S.K.: 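Before I ask anything, here is the structure I am working with.
Since this is a predicted model, take the numbers as computed values, not measurements. Quick note: residue numbers are just sequence positions, from 1.
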Amino acid sequence: QVQLVESGGGSVQAGGSLRLSCAFSGRTFSSYAMGWFRQAPGKEREFVAAISWGGGSTYYADSVKGRFTISKDNAKNTVYLQMNSLKPEDTAVYYCAADSSGWAVVTDNEYDYWGQGTQVTVSS
């Protein structure tokens with residue numbers, strides 16, 4: 001059974017940066033695509049970023065393109081989300097997810113496993 005544990009969330013002022021980490025265990029990490037999603041209060045969960053099994057393909061939501069970077073370290077079984085130039089509208093619970101197909105996808109129902117989430121709060 002795959003387990004995903006996010007860390008790195010917190011509170012930051014607008015314009016600041018945070019790096020989220022998601023530790024993967026239970027299966028062969030290098031064969032999984034990984035994604036980040038977020039859910040703000042009163043809103044539906046939305047796609048943020050995804051990366052293919054080998055890291056060769058990445059996708060971003062338009063709202064974070066140019067500010068966020070997803071990366072995957074297969075040696076450390078960890079996926080990261082570097083978030084720069086944060087805005088108040090980035091405030092949400094951020095979830096990492098794993099897709100056994102290995103191909104980066106943007107729809108949440110394609111993912112097989114989910115973490116418990118980590119809170120990110122950006123103040124103006």
S.K.: Can you pull out every disulfide bond (SG atoms under 2.5 Å apart) where at least one residue sits in residues 46-86? Sequence neighbours excluded, please.
M.R.: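 Qualifying pairs: none.
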S.K.: Flag yes if Val48 and Val120 sit in one hydrophobic cluster, no otherwise; membership is Ile, Leu, Val, Met, Phe, Trp, Tyr, and two members link when side-chain heavy atoms are under 4.5 Å apart.
M.R.: yes
S.K.: Sequence neighbours left out, what pairs pass disulfide bond (SG atoms under 2.5 Å apart) with at least one residue falling in residues 25-58?
M.R.: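 Residue pairs with at least one partner in residues 25-58: there are none.
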S.K.: Find out if a path of hydrophobic residues (ILVMFWY) with successive side-chain heavy-atom gaps under 4.5 Å connects Trp114 to Val2.
M.R.: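 No, no single cluster joins them.
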S.K.: Tell me every residue that passes salt bridge (Lys or Arg N to Asp or Glu O under 4.0 Å) with Asp108, counting only those two or more places apart in sequence or in another chain.
M.R.: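 Result, salt bridge (Lys or Arg N to Asp or Glu O under 4.0 Å) vs Asp108: Arg45.
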S.K.: Could you give all pairs that pass the disulfide bond (SG atoms under 2.5 Å apart) test and reach residues 38-106, with sequence neighbours left out?
M.R.: Cys22-Cys96
S.K.: Filter on disulfide bond (SG atoms under 2.5 Å apart), then keep only pairs touching residues 63-92, sequence neighbours left out; what's left?
M.R.: none
S.K.: Would you mind checking if Lys87 and Asp90 are paired as a salt bridge, meaning a charged N to carboxylate O distance below 4.0 Å?
M.R.: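 So Asp90 does not pair with Lys87 through a salt bridge.
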S.K.: Counting C-beta onward and ignoring hydrogens, is there a side-chain heavy-atom pair between Leu20 and Tyr80 closer than 4.5 Å?
M.R.: no
S.K.: Using only atom types and a distance under 3.5 Å, with no angle test, would you say the side chain of Thr78 pairs donor to acceptor with the backbone of Lys76?
M.R.: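 It does hold such a pair.
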S.K.: Can you pull the side-chain hydrogen bond (donor to acceptor under 3.5 Å, both in side chains) pairs that have at least one residue in residues 47-59, sequence neighbours excluded?
M.R.: none
S.K.: Indicate the atoms forming the closest heavy-atom contact of Ser124 with Pro88, along with that distance.
M.R.: CB-CG, 3.9 Å
S.K.: Among residues two or more places apart or on two chains, list those pairs meeting side-chain hydrogen bond (donor to acceptor under 3.5 Å, both in side chains) that have a residue in residues 11-28.
M.R.: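 Only Ser17-Asn84 qualify under side-chain hydrogen bond (donor to acceptor under 3.5 Å, both in side chains).
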S.K.: Quick one: list whatever passes ring pair (Phe, Tyr, Trp, His ring centres under 6.0 Å) with Phe47, sequence neighbours left out.
M.R.: Phe37
S.K.: Determine the minimum heavy-atom distance between Asn74 and Asn77, stating which atoms define it.
M.R.: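 The answer is O-OD1, 3.3 Å.
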S.K.: Once side chain to side chain donor-acceptor pair (under 3.5 Å) is applied, do any residues pair with Gln119, and if so which ones, sequence neighbours excluded?
M.R.: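 In terms of side chain to side chain donor-acceptor pair (under 3.5 Å), with neighbours along the sequence ignored, Gln119 is linked to Thr121.
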S.K.: Using the salt bridge (Lys or Arg N to Asp or Glu O under 4.0 Å) definition, which of the options Glu44, Glu89, Glu46 pairs with Arg38?
M.R.: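 Among the candidates, only Glu46 passes.
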S.K.: Give me each pair satisfying salt bridge (charged side-chain N to carboxylate O under 4.0 Å, His left out) with a member in residues 113-124, each pair once, sequence neighbours excluded.
M.R.: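 Listed by first then second residue: nothing to list.
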S.K.: Which residues pass the ring pair (Phe, Tyr, Trp, His ring centres under 6.0 Å) test with Tyr32, sequence neighbours left out?
M.R.: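 Checked Tyr32 against ring pair (Phe, Tyr, Trp, His ring centres under 6.0 Å); matches are Phe24.
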S.K.: Checking Asp99 now: which residues fulfil side chain to side chain donor-acceptor pair (under 3.5 Å) with it, not counting sequence neighbours?
M.R.: Ser101
S.K.: Are Tyr95 and Val106 connected in a single hydrophobic cluster, I mean Ile/Leu/Val/Met/Phe/Trp/Tyr linked by side-chain heavy atoms less than 4.5 Å apart?
M.R.: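 Yes, one cluster joins them.
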S.K.: Step through the shown structure and confirm whether more than 12 heavy atoms of other residues, nucleotides or ligands are within 6.0 Å of NZ on Lys43.
M.R.: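 Counting neighbours around NZ of Lys43, 12 or fewer heavy atoms of other residues, nucleotides or ligands fall under 6.0 Å, so no.
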S.K.: Just wondering, do Val12 and Met83 contact through their side chains at under 4.5 Å, heavy atoms?
M.R.: no
S.K.: With no hydrogens and no angle check, is any side-chain donor or acceptor of Gln39 less than 3.5 Å from a backbone partner on Ala92?
M.R.: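 Here the side-chain-to-backbone pair does not exist.
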S.K.: Could you walk me through whether Leu86 and Phe68 pass the side chain to side chain contact (heavy atoms under 4.5 Å, CB included) test, one step at a time?
M.R.: CA-CA 9 Å; Leu86 282 161; Phe68 290 11; 3.8 Å; yes
S.K.: Should Val93 and Glu6 count as side-chain neighbours, where that means a heavy-atom distance under 4.5 Å?
M.R.: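 The answer is no; the side chains never approach within 4.5 Å.
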S.K.: Testing the 3.5 Å rule here: is there a donor-acceptor pair between the side chains of Ser100 and Asp112?
M.R.: yes
S.K.: Do Lys72 side-chain atoms and Gly56 backbone N/O form a donor-acceptor pair below 3.5 Å?
M.R.: no
S.K.: Run the side chain to side chain contact (heavy atoms under 4.5 Å, CB included) test on Thr69 and Leu81 for me, step by step, so that the C-alpha distance in whole Å, both residues' side-chain angles and the decisive distance to 0.1 Å come before the verdict.
M.R.: CA-CA 6 Å; Thr69 302; Leu81 185 68; over 6 Å; no
S.K.: Between Tyr111 (side chain) and Val105 (backbone), is there a donor-acceptor pair under 3.5 Å?
M.R.: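 At least one qualifying donor-acceptor pair exists.
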S.K.: How many angstroms lie between CD in Gln3 and CD in Gln1, if you round to the nearest 0.5 Å?
M.R.: 7.5 Å
